[in-house]
Amino acid sequence: MKERDSNFELLRIIAMLFIVTWHISIHAQNGELESHGYITAICTTGVNIFILISGYFNIRTTWKSILTLYGTFVFYYITTIALNWYIFGETPHAKSVLALFSPTTHSPWWFIACYMQLQLLSPLINNLLSTSNEKMYAYTIGILLFISCYSGFVFQNQINITGYNIFNFITIYAIGDAIRKYNIQNWLSPKFWFGLYLVATICMFIASQIEIQRIIFYNNPLLIASSICLFCLISRFRISNKKINIIATYMLPLYLLQESTLGYNVYKYLVQRGKNLDFTGFDYYCLLWKYLLGLFACAIIADFIRRQILNKPTNFISKFLDKKMNLFH
């Protein structure tokens, strides 16, 4: 199997660190610290970067990939609910069962719901993009950005007001595909990409001081521009490192644990402890480091267990479906 490009895996790690930092700032610190504006400007690019990576390499939908993502969702959903009940005594709601059978509509993780939708649509999207000539390609990207950013973000059209939806994922995915197809990262030198990234990030910070609520929408043109610049910058470098590649495989579990019902109760604990320590000082930063190290350790342990439980059944069922319903070859 071909070794993954470590520069893109490093980008995946950076994107998740951005997401984790953003969630700590907004959920574990209630957005009260002076650093929140800087974190907003820098770290809200995380989700778009993840989708750019998916678009750049294209999602190769198979029965195995569908079952793996669904199995990952089910495992972490049941595990976090069970642990939340055991540790914090919260009884799961009866409606929680709906998520197991309809994760694209009832998932507690909005990102997973949208990504599953993107995965299911990817064969159609890939086919459209691969058969488009240069003019049609430019038109497709242009109209997606027009609807997403101009109509959606600026004038709040219902199709995409916030970017927390499948339409924005398709838009960013198509941009990622365009970067690979037309080698856009090589259009400018790393210095220029870094300069553009700084300009977009500074503009994000200034805008966050005016209206922080809308600045975090994922169809914000400044946020999209910042994500693209950082993506193109890091993709210019060629890195090969097995440790980076291994660490990158735990980024999704990290997100699923942090943003679960269990994770939100941990946030409440961090807020309480943070207030007692005035969100500053050696003891408080030790607390945050313990949280981060504990979160990563739990992601490693949990995903090891998931693989031991689900890998064989996933392989068996996917092979069976390939024989009976060979849709993706």
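These numbers come from a predicted model, not from an experiment.
Ring centers of Tyr150 and Phe146: under 6.0 Å apart, within the cut-off. Residues Trp109 and Phe73 bring their aromatic ring centres within 6.0 Å. For an aromatic pair to be called close, the ring centres must be under 6.0 Å apart, and Tyr56 with Phe231 satisfies this. Aromatic ring centres of Phe169 and Tyr115 lie farther apart than the 6.0 Å criterion allows.
Across Met204 and Thr44, no two heavy atoms sit closer than the pair CE-OG1, 3.4 Å. Scanning all heavy atoms of the two residues, the minimum distance from Tyr137 to Leu129 falls at CE1-O, 3.4 Å. Here the shortest heavy-atom pairing between Asn7 and Phe237 reads ND2-O, 2.8 Å. The minimum heavy-atom distance between Gln119 and Ile66, with the atom names listed, is OE1-CA, 3.6 Å. Taking every heavy atom of both residues into account, Met116 and Thr104 meet most closely at CB-CG2, 3.8 Å. The nearest pair of heavy atoms linking Tyr264 to His27 is OH-NE2, 3.7 Å.
Here the side chain of Ser102 pairs no donor or acceptor atom with the backbone of Ala99 at under 3.5 angstrom. Between the side chain of Asn30 and the backbone N or O of Glu32, no donor-acceptor pair lies under 3.5 Å. No donor-acceptor pair under 3.5 Å is formed between the side chain of Asn165 and the backbone N or O of Asn160. Formation of a donor-acceptor pair under 3.5 Å by the Thr45 side chain with backbone atoms of Ile42 is found in this model.
Between atom CG of residue Leu270 and atom CG of residue Asn265 there is a gap of 11.0 Å, rounded to the nearest 0.5 Å. Note that SG of Cys298 and OH of Tyr250 are 13.0 Å apart. Values are rounded to the nearest 0.5 Å. To the nearest 0.5 angstrom, Ile305 atom CD1 is 12.0 Å from Ile300 atom CD1. In this structure, the separation between OG1 on Thr162 and CD on Gln156 is 10.0 Å, given to the nearest 0.5 Å. With rounding to the nearest 0.5 angstrom, the CZ atom of Arg12 is 9.5 Å from the CG atom of Asn245.
Tyr197 and Phe205 fall into different hydrophobic clusters, where Ile, Leu, Val, Met, Phe, Trp and Tyr residues are linked whenever their side-chain heavy atoms come under 4.5 Å apart, directly or through other members. Hydrophobic clustering (ILVMFWY, side-chain heavy atoms < 4.5 Å, transitive): Leu293 and Met251 are in distinct clusters. Hydrophobic clustering (ILVMFWY, side-chain heavy atoms < 4.5 Å, transitive): Ile206 and Tyr38 are in distinct clusters. Using a 4.5 Å cut-off between side-chain heavy atoms of Ile, Leu, Val, Met, Phe, Trp and Tyr, with links allowed through other members, Leu98 and Tyr70 fall into different hydrophobic clusters. Note on Leu69 and Leu100: same hydrophobic cluster, where clusters join Ile, Leu, Val, Met, Phe, Trp and Tyr whose side-chain heavy atoms are under 4.5 Å apart, directly or indirectly.
Side chains of Leu223 and Phe217 form no contact here, defined as non-hydrogen atoms less than 4.5 Å apart. With contacts defined as side-chain heavy-atom distances shorter than 4.5 Å, the pair Ile125/Asp177 does not qualify. Looking at Ile59 and Leu121, their side chains never come closer than 4.5 Å, going by heavy atoms from C-beta outward. Taking 4.5 Å as the limit, some side-chain heavy atom of Ile159 sits within range of a side-chain heavy atom of Ile147. Using a 4.5 Å heavy-atom threshold, the side chains of Ile24 and Leu288 count as touching. Contact annotation: the side chain of Ile247 approaches that of Phe296 to within less than 4.5 Å [non-hydrogen atoms, C-beta and beyond]. Counting heavy atoms from C-beta on, the side chains of Leu188 and Leu196 come closer than 4.5 Å. Annotation: side chain of Pro103 is not in contact with side chain of Ile112 (no heavy-atom distance under 4.5 Å).
Applying the salt bridge (charged side-chain N to carboxylate O under 4.0 Å, His left out) rule to Arg236 yields no partners; only residues at least two apart in sequence or on another chain are considered. Remark: Ile26 pairs with Trp22, His36 by the side-chain contact (heavy atoms from CB on, under 4.5 Å) rule, at least two apart or across chains. Take Arg273 and apply the salt bridge (charged side-chain N to carboxylate O under 4.0 Å, His left out) test, not counting sequence neighbours, and it matches no residue.
Look at Lys319 and Asp322 and you find no salt bridge, because none of the NZ, NE, NH1 or NH2 atoms lies under 4.0 Å from a carboxylate O. Checked for salt-bridge contact, Lys275 and Asp278 miss the test: no charged N lies under 4.0 Å from a carboxylate O.
If you check the side chains of Ser65 and Thr68, you find no donor sitting under 3.5 Å from an acceptor. Side chains of Ser240 and Ser6: a donor-acceptor N/O pair is absent below 3.5 angstrom, by distance only. For the residue pair Gln29/Tyr284, the side-chain donor-acceptor check at 3.5 Å is satisfied. Using modelled atom types, one finds a donor on one side chain and an acceptor on the other under 3.5 Å when comparing Asn126 with Tyr173. Asn84 and Glu90 share a donor-acceptor pair across their side chains, judged by distance under 3.5 Å alone. For the 3.5 Å distance criterion, the side chains of Asn186 and Asn183 qualify, holding a donor opposite an acceptor.
Crowding of Phe192 atom CZ: a count of heavy atoms from other residues, nucleotides or ligands under 6.0 Å not exceeding 12. Around the CD atom of Gln272, the shell of radius 6.0 Å holds no more than 12 heavy atoms that belong to other residues, nucleotides or ligands. Environment of NZ in Lys181: crowded, with over 12 heavy atoms of neighbouring residues, nucleotides or ligands closer than 6.0 Å. For Phe194, the CZ atom sits in a loose shell: 12 or fewer heavy atoms of surrounding residues, nucleotides or ligands are nearer than 6.0 Å. Counting heavy atoms of neighbouring residues, nucleotides and ligands inside a 6.0 Å radius, atom CZ of Phe57 exceeds 12 of them. Counting heavy atoms of neighbouring residues, nucleotides and ligands inside a 6.0 Å radius, atom CH2 of Trp110 exceeds 12 of them.
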Working for side chain to side chain contact (heavy atoms under 4.5 Å, CB included), residues Arg307 and Thr249: CA-CA 12 Å; Arg307 293 173 191 181; Thr249 62; 3.6 Å; yes
With side chain to side chain contact (heavy atoms under 4.5 Å, CB included) as the criterion, how do Met325 and Phe320 come out once you've worked through the C-alpha distance, each side chain's angles and the decisive distance to 0.1 Å? CA-CA 8 Å; Met325 295 182 287; Phe320 174 80; over 6 Å; no
Assess whether side chain to side chain donor-acceptor pair (under 3.5 Å) is satisfied between Tyr139 and Glu134, documenting all intermediate values. CA-CA 9 Å; Tyr139 173 79; Glu134 191 170 340; over 6 Å; no
Please lay out, stage by stage, how Leu287 and Asp283 fare under the test side chain to side chain contact (heavy atoms under 4.5 Å, CB included). CA-CA 6 Å; Leu287 175 68; Asp283 289 342; over 6 Å; no
Going through the distances and angles, do Thr80 and Leu256 end up as a side chain to side chain contact (heavy atoms under 4.5 Å, CB included)? CA-CA 9 Å; Thr80 53; Leu256 294 174; over 6 Å; no
Yes or no on side chain to side chain donor-acceptor pair (under 3.5 Å) for Tyr76 and Asp303, after CA distance, side-chain angles and deciding distance? CA-CA 9 Å; Tyr76 282 97; Asp303 217 55; 2.7 Å; yes
